[in-house]
Amino acid sequence: MFCGFGGSGFGFSPWMSMMMAIRILVFIVLIVLGVKFIKSYTPNSNGALKILDEKFANGEISEEEYTKRRTIITQKK
């Protein structure tokens with residue numbers, strides 16, 4: 001009775017597959033952007049700076065070595 005357009009109404013048209021592909025693509029893009037957003041706000045080298053500060057405070061490295069290494073670490077950010 002109420003079959004809709006093109007027969008039984010349960011057919012799989014090319015438009016349905018294209019819309020599904022677009023939705024999947026949008027979902028993947030959102031996931032990639034979310035991961036990049038999260039990675040950009042996580043502290044990458046805070047752990048290295050903390051270890052360097054501790055070594056300097058304990059006297060394991062000199063002030064010259066400390067400033068050299070700190071410069072290298074902060075430039076990588």
Considering all heavy atoms, the nearest T67-T71 contact: O-OG1, 2.7 Å
Contacts of L25 that satisfy side chain to side chain contact (heavy atoms under 4.5 Å, CB included) - sequence neighbours left out: none
Path from I24 to L33 over hydrophobic side-chain contacts below 4.5 Å: no
Donor-acceptor pairs under 3.5 angstrom involving side-chain atoms of residues 51-64: please list them, not counting sequence neighbours.
from: D53; atom 1: OD1; to: Y66; atom 2: OH; distance (Å): 2.6
from: N58; atom 1: ND2; to: E54; atom 2: O; distance (Å): 3.2
from: S62; atom 1: OG; to: E65; atom 2: N; distance (Å): 3.2

Same apolar cluster (I L V M F W Y, side chains within < 4.5 Å links), M18/F27: no
